[in-house]
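These numbers were taken from a predicted model, which means no experiment stands behind them. Atoms within each ligand, like the ligands themselves, are counted from 1 in listed order. Computation of the quantities below employed the complete heavy-atom set of this structure, encompassing side-chain atoms and omitting hydrogens, waters and symmetry-equivalent molecules.
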Amino acid sequence: MTDEMFHVKPDLAASAHVNAQRHGLMTNHALNEPDSFWLEQARRLDWFRMPTLAGGGGFEGEVRLSWFSDGTLNASVNCLDRHLPENGDRIALIWQGEAEDDVRHVSFRALHAEVCRLANVLKGLGVRRGDRVATYLPMVVEGVVAMLACARIGAVHVVMFAGFSAAGVANRLRDSGAVLLLTADEGRRGGKRIALKALADEALAILETEGGSPVRQVLVVPVIGTPVPMRAGRDLDYARLVGEAEPDCAPEEMGAEDPLLILYTSGSTGAPKGLLHTTGGYLLWASLTQEIVFDHRPGDVFWCTADLGWVTGHSYVVYGPLSNGGTSLLFEGTPSWPEPGRWWRVIDKHRVRGFYTAPTAIRSLMREPSSVLAASSRDSLRVLGSVGEPINPEAWLWFHEEVGGGRCPLVDSWWQTETGGIMIAPLPGAVAQKPGSATLPLPGVCPVLVGHDGTVLEGATQGEAEGRLCIARSWPGQARTVWGDHARYVQTYFSTYPGLYFSGDGARRDSDGYYWITGRVDDVVNVSGHRIGSAEVEAAIGSHEAVAESAVIGVPHAVKGQSLMAFVILRGGGGGEAGPALEAGIARHVGHMLGRYAVPDRVLLVPDLPKTRSGKIMRRILRKVATGEHEQLGDVSTLADPTVVDALVARLGQ
Ligand code: WTA
């Protein structure tokens, strides 16, 4: 079944941006004459000064990457101003609020004015080029306005997901040194309210007690209209200031390598890293991939369901669609609230053409009665996309056949926060699909598979193989550094396999050269498409007063892909009577430290953990025990105390 081919419908294939022939030409051009290829691609953007250097850079030594370094541009000009002369009245953003009647249509002209107003406010508050500005907002138009206003004045945006806890926000503000924070009185989610201003206050209080917060001002967007305490001299009303500001603001002329954004993401060790993306290369990648992967046409309504707080929201809610003059749909709600079928109604109501979501959502929606889907027509859909986790063939087929009526190409797109945009995906009209495979690299992307022992596999870029997914050459959308810690960037991505960028994922390549992503090979767990580091959750658990030590693993989950399971040893051992209550308390504590998205489904108090003689926790063994495969533990000769396993099996059986 998985090798069945799904050729795209001829109408789309014939008119698609990239057909099979052009795909081949582009791929060869990129391979043989990379400078000329990338400079040609760069022309899709509006530059103040057109670059004459492509660039790139090797993955050895210090890894100083740079693209189009003699070019200058402004990202907000590319997303707004360039569309004004001919398409100023076209809708840039459709905002669908949680309530059915809460809808805003924002034209490019109106968005431009609002962005300029906020840009003027930020300048008036002393925000300068290169300063970091953080946002902690729900899915509202102001979230997009804030990003583009930063881009306009050369400030670096640091968008934080509204599901982060106060401690999570404090960590990101501290690390980025943000001088200003935009937040909201409250946010809505699934019929509930999130007290964002109160959480922001708590985050700032944490920083103040530590001896100083970098944040000088807080701009509060009145999303709900709830009165919230405002601290004099620090907290300011967004609506009043923006309402009074001028609707024109000259864009800063930014170097292509000037920072555009910092976005935090989890890895296998330590606290989340702030990946830095620069202006020219990132924007080019978001713009190019949006066009060719989703066969984008001007005026298309594109709906990427990701939150603005993740990279998918950055690239495919904001920079990709808007730079191409498309209409981007921003939805405040959740898939099945207030009742099942909400997403399908949104698609029909707003005539969505491109629909991009995550396998978790698809798996949960396919469990609903078929009458729910049948109540919508979805006849506006032309392209479907999947991202964030491996998509199982059953979910792929349901999405393709039932949601898309079998007539829309389904692009399973592999990429990461670090890559800035899509890297491996079937271009509609050019590449035949296979359910469950991300298929072929985009032109200019050079994946290689590396064996477990670290050797690049024979015929690294062709032929059947399975290994770790690396990229051999730089591409414009690549993150340039980890904010404030370049050594960590080099160490994390370029030291495992010298000369290669290591993604942290495993992959298989079939005899057609198609890539099948098998999932993370490090200690990153992918829960509902959210990247969570085991170490991060273990650190949160470890800060609970009763805890001595813990180990966190991902276990397979039918809807979420993976779920988190935590094994915890208490101080002084035991758990006793208080066991279940304490387990729940530890789970709540993780929510408090990181946010609800990172709360383990199961917390288990255990007497001991499987360790090597040198004291390293063997998560491999925990995973086997958790999935009931303890009969096939493999080599346990390195275990310091093999009886630990029996105790764990007994504990899990309880
Ligand atoms: C996983 C999200 C399989 C992968 C864009 C990667 C995928 C991580 C796919 C990045 C896919 C993303 N198939 N796995 N199509 N897309 N992943 O940084 O493990 O939030 O390393 O970026 O998601 O997650 P991130």
Side-chain angles (χ1 to χ4, degrees), residues 2 159-161 163-164 261-268 272-277 282 285-286 289-290 293 304-317 319-320 356-363 384-393 395-396 399 410-426 433-442 445 447 468-471 477-479 482 492-493 496 501-509 514-534 536 554 560-562 597-598:
T2 54
V159 179
M160 298 181 292
F161 173 50
F164 291 147
L261 66 98
I262 296 170
L263 190 57
Y264 285 83
T265 192
S266 299
S268 38
K273 296 181 281 287
L275 271 313
L276 181 97
H277 282 287
Y282 170 81
W285 201 242
T289 52
Q290 169 81 27
V293 176
C304 163
T305 64
D307 193 277
L308 287 175
W310 311 113
V311 74
T312 311
H314 281 58
S315 300
Y316 301 107
V317 177
Y319 289 106
Y356 191 32
T357 192
T360 290
I362 298 162
R363 285 190 293 261
L384 304 173
S386 170
V387 62
E389 351 151 32
I391 180 164
N392 48 310
W396 196 104
F399 197 21
L410 198 179
V411 290
D412 173 17
S413 57
W414 175 84
W415 62 293
Q416 314 179 287
T417 305
E418 292 84 345
T419 71
I422 295 166
M423 300 289 278
I424 303 182
Q433 304 148 85
K434 295 185 192 183
S437 170
T439 76
L440 298 177
L442 301 196
V445 172
R468 280 135 198 258
L469 180 60
C470 295
I471 310 284
Q478 189 170 18
V482 168
T492 307
Y493 303 109
T496 320
Y501 164 81
F502 175 41
S503 67
D505 282 312
R508 181 169 72 78
R509 190 176 48 230
Y514 276 36
Y515 287 85
W516 302 72
I517 311 298
T518 50
R520 301 287 306 197
V521 294
D522 54 9
D523 289 319
V524 171
V525 185
N526 193 325
V527 181
S528 304
H530 295 160
R531 254 168 93 163
I532 303 173
S534 298
E536 209 184 329
K560 300 196 272 189
Q562 286 187 295
Y597 73 102

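Distance alone, capped at 3.5 Å, places no donor-acceptor pair between the His314 side chain and the Gly309 backbone. The backbone N or O of Thr357 lies less than 3.5 Å from no partner atom in the side chain of Thr305, so there is not a single donor-acceptor pair. A donor-acceptor pair is defined here as one N or O able to donate and one able to accept, closer than 3.5 Å; such a pair exists between the side chain of Thr289 and the backbone of Ala286. Within the 3.5 Å criterion, the main-chain N or O of Cys470 finds no donor-acceptor partner in the side chain of Ser503.
Residue-ligand proximity: Trp414 is placed with a non-hydrogen atom under 4.0 Å from ligand 1.
Ligand 1 has no N or O atom lying under 3.5 Å from any N or O atom of Glu418, backbone or side chain. Remark: ligand 1 and Arg520 share an N or O pair separated by less than 3.5 Å (distance only, no angle test).
With a heavy-atom cut-off of 4.0 Å, Val524 does not touch ligand 1 at all. Contacts between Val311 and ligand 1, counted as non-hydrogen atom pairs separated by less than 4.0 Å, involve the side chain only.
Looking only at heavy atoms of the protein, atom 24 (O) of ligand 1 is closest to Arg531 CD, 3.2 Å. The protein atom (non-hydrogen) at minimum distance from atom 18 (O) of ligand 1 is Thr417 OG1, 2.5 Å. Protein heavy atom in closest approach to atom 6 (C) of ligand 1: Asp505 OD2, 3.1 Å. From the protein, the heavy atom lying nearest to atom 13 (N) of ligand 1 is Glu389 O, 3.3 Å.
Using a 30° and 60° split on the angle between ring planes, Tyr282 and Tyr319 fall in the perpendicular class, above 60°. Relative orientation of the Phe161 and Trp310 rings is tilted, given thresholds of 30° and 60° on the angle between their planes.
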Using the rule given for side-chain hydrogen bond (donor to acceptor under 3.5 Å, both in side chains), can you reason through Ser528 versus Tyr597, listing the C-alpha separation, both sets of side-chain angles and the distance that settles it, and then say yes or no? CA-CA 9 Å; Ser528 304; Tyr597 73 102; over 6 Å; no

Given Met423 and Trp285, is the side chain to side chain contact (heavy atoms under 4.5 Å, CB included) satisfied, shown in steps? CA-CA 10 Å; Met423 300 289 278; Trp285 201 242; 3.9 Å; yes

Check step by step if side-chain hydrogen bond (donor to acceptor under 3.5 Å, both in side chains) holds for Glu418 and Tyr493. CA-CA 10 Å; Glu418 292 84 345; Tyr493 303 109; 2.7 Å; yes

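For atom 16 (N) of ligand 1, the nearest non-hydrogen atom from the set Ala358, Gly388, Gly421, Gly385 comes from Gly388. Selection from Trp415, Tyr515, Trp516 by nearest heavy atom to atom 12 (C) of ligand 1 gives Trp415. With atom 15 (N) of ligand 1 as the reference point, the heavy atom nearest to it among Ser386, Ala438, Ser413 is part of Ser413.
In summary, the atoms of ligand 1 found under 4.0 Å from a heavy atom of Asp412, numbered by their order in the structure, are 11 (C), 15 (N). Near Asn526, the atoms of ligand 1 lying under 4.0 angstrom from a non-hydrogen atom of the residue are 1 (C), 23 (O). Each of the atoms 3 (C), 13 (N), 14 (N) of ligand 1 lies under 4.0 Å from some heavy atom of Pro390. Close contacts of ligand 1 with Val387, meaning ligand atoms under 4.0 Å from a residue heavy atom, involve 5 (C), 16 (N).
A distance of 11.0 Å separates NE2 of His277 from CD1 of Ile262, quoted to the nearest 0.5 Å.
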